[in-house]
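The next block holds one structure in the form of structure tokens; read it before the comments.
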Number of protein chains: 2
Amino acid sequence: MPEDDRLSRVFAALADPTRRDIVARLAVGDATVGELAEPYDVTVQAVSKHLKVLGDAGLVSRSRDAQRRPCHLEAEVFDLMTKWIERYRQQAEERFRRLDALLASIDEESGDGTDGTDDRPAGNDQTGAAS
Amino acid sequence: MPEDDRLSRVFAALADPTRRDIVARLAVGDATVGELAEPYDVTVQAVSKHLKVLGDAGLVSRSRDAQRRPCHLEAEVFDLMTKWIERYRQQAEERFRRLDALLASIDEESGDGTDGTDDRPAGNDQTGAAS
DNA sequence: CTCATTGACAACCATACGGTTGAATAAGGA
DNA sequence: TCCTTATTCAACCGTATGGTTGTCAATGAG
């Protein structure tokens, strides 16, 4: 499966409060569909659907114990999200730092505010760069 | 806004590849709607909708520069996600460690495999615990 | 003032989503 | 064997989503 697709599934799966709640419960310990359904006032079928979504996203795996199909949380998928998030957070924070440095340098040489624009660090001139 | 709702919006916003791509571009630098729309073969209106979703999730903010409405990435929202993810990842990993310790302790006293069930660490007996 | 640019809003369409009910499958227990 | 439990599958319903086209508001340039 394409990694992009997988990321989409994971994010979409966690966009639902009930499914996040299920993940929270599974973090405590494995559980069956019936057990997971109990706290909510929805049918077992609905929870089964939620579990299918979580399963397709790779967040939970199922095993078999007689008629039961216990659900198990697969924590490693979280790494995929964390990696994605951290990447852009760091990028954004880096950009913020650069802007901060720019403002500081402008502040330093206050009095001849005519050529300060040349101090702009290269690489963040996205605005206005496109045709 | 309820935090749960906010989290849902953020996850839902990032569940779309185009919107993740937009976030990636904004991490490099602010941009206008038109600039953001260019790489994709969808209309500007569609991108505007995407930006509304990202805005409602608190992921991007808008300012005004003449007719233009530059988009700016708000990195702090990532913290909300990271916190949620780390919480359950750590819980799941902790549970994994406990299971590992259990298996190790069982392995140690191999030979009298009759009462090993009492060695189960407390707190992870979710399965079968619900009434 | 008039026009071009930038972007948002409204209405519409097809599809996906979360939920339901009802029936089917799988596995034990009487 | 028949019945109960646990879970899924199938069909349906209302609403949300991502996309389109068309129109309108805001602003700057001629």
Side-chain angles (χ1 to χ4, degrees), chain A residues 4-23 25-26 30-57 59-72 126-131, chain B residues 4-23 25-26 30-57 59-72 126-131:
Chain A
D4 207 52
D5 208 48
R6 187 175 184 85
L7 207 44
S8 293
R9 285 172 198 257
V10 175
F11 277 124
L14 294 179
D16 186 281
T18 303
R19 283 194 295 258
R20 280 201 307 279
D21 224 56
I22 289 175
V23 167
R25 284 175 62 89
L26 288 178
D30 295 3
T32 67
V33 179
E35 286 161 9
L36 288 171
E38 204 145 2
Y40 314 104
D41 55 351
V42 297
T43 59
V44 180
Q45 289 95 317
V47 173
S48 185
K49 274 194 185 179
H50 281 309
L51 285 168
K52 175 156 175 45
V53 174
L54 289 167
D56 289 346
L59 277 159
V60 313
S61 59
R62 317 291 302 271
S63 50
R64 193 167 256 297
D65 166 32
Q67 314 104 312
R68 262 148 269 121
R69 311 274 317 271
C71 307
H72 175 79
Q126 191 68 20
T127 305
S131 71
Chain B
D4 206 53
D5 208 47
R6 188 173 183 85
L7 208 44
S8 293
R9 285 173 198 258
V10 175
F11 277 124
L14 295 178
D16 186 283
T18 303
R19 284 195 293 258
R20 280 202 307 280
D21 225 56
I22 288 175
V23 167
R25 284 175 62 88
L26 288 179
D30 295 1
T32 67
V33 178
E35 287 161 10
L36 289 170
E38 203 146 5
Y40 314 103
D41 55 351
V42 298
T43 59
V44 179
Q45 287 95 321
V47 174
S48 186
K49 274 194 184 180
H50 281 309
L51 285 169
K52 174 155 176 45
V53 174
L54 289 167
D56 289 347
L59 278 159
V60 313
S61 60
R62 318 290 302 272
S63 51
R64 190 166 257 296
D65 167 32
Q67 314 103 313
R68 263 147 269 119
R69 311 273 317 271
C71 307
H72 174 79
Q126 191 68 18
T127 305
S131 68

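Chain A is the first sequence line, chain B the second, and so forth, proteins listed ahead of strands; every chain is numbered from 1. Bear in mind that the values here come from a model prediction, so they are computed numbers and not experimental data.
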Open item on the list: Please determine whether a side-chain nitrogen of the Lys or Arg among B:D21 and B:R25 lies less than 4.0 Å from a carboxylate oxygen of the Asp or Glu.
Closed with: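 A salt bridge is absent here (no side-chain N lies under 4.0 Å from a carboxylate O).
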
Open item on the list: Salt bridge check, A:D5 against A:R9: does any charged N sit closer than 4.0 Å to a carboxylate O?
Closed with: yes

Nearest whole Å is fine: how far is [N] [atom2] from [X] [atom1]?
X	N	atom1	atom2	value
A:R68	D:dT4	CZ	C1'	12 Å
B:R64	D:dA25	CZ	P	14 Å
A:D16	D:dT15	CG	P	18 Å
B:Q67	D:dA29	CD	P	7 Å
B:E35	C:dT6	CD	P	9 Å
B:L51	C:dG7	CG	P	10 Å
A:R9	C:dA16	CZ	P	12 Å
B:R69	D:dA25	CZ	P	16 Å

Open item on the list: Heavy atoms only, 4.0 Å cut-off, all strands: where does B:K49 land among base, sugar-phosphate and nothing?
Closed with: base

Task: Sugar-phosphate only, base, or nothing, as touched by B:V42 at under 4.0 Å among non-hydrogen atoms - done: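 Sugar-phosphate, backbone atoms only, no base.
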
Verify the contact: side-chain N or O of [X] to OP1 or OP2 of [N], cut-off strictly under 4.0 Å; return yes or no.
X	N	answer
A:S48	D:dT8	yes
B:H50	D:dG19	yes
A:T18	C:dG18	no

- [ ] State whether the distance check finds a donor on one side and an acceptor on the other, under 3.5 Å, for side chain B:Q45 versus base D:dG22.
- [x]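 Result: at least one qualifying N/O pair found.
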
TODO: Could you point out which residue of B:D16, B:V53, B:L36 forms a side-chain contact (heavy atoms from CB on, under 4.5 Å) with B:I22?
DONE: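 Among B:D16, B:V53, B:L36, the one that satisfies the side-chain contact (heavy atoms from CB on, under 4.5 Å) with B:I22 is B:L36.
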
TODO: Look only at the side chain of A:E35 and the backbone of A:T32, and say whether a donor-acceptor pair between them is shorter than 3.5 Å.
DONE: yes

Task: Polar contact flag, side-chain donor to acceptor under 3.5 angstrom, A:S8-B:R20 - done: yes

Task: Residue whose closest nucleotide on DNA chain C lies nearer the 5' end, A:V44 versus B:R62 - done: B:R62

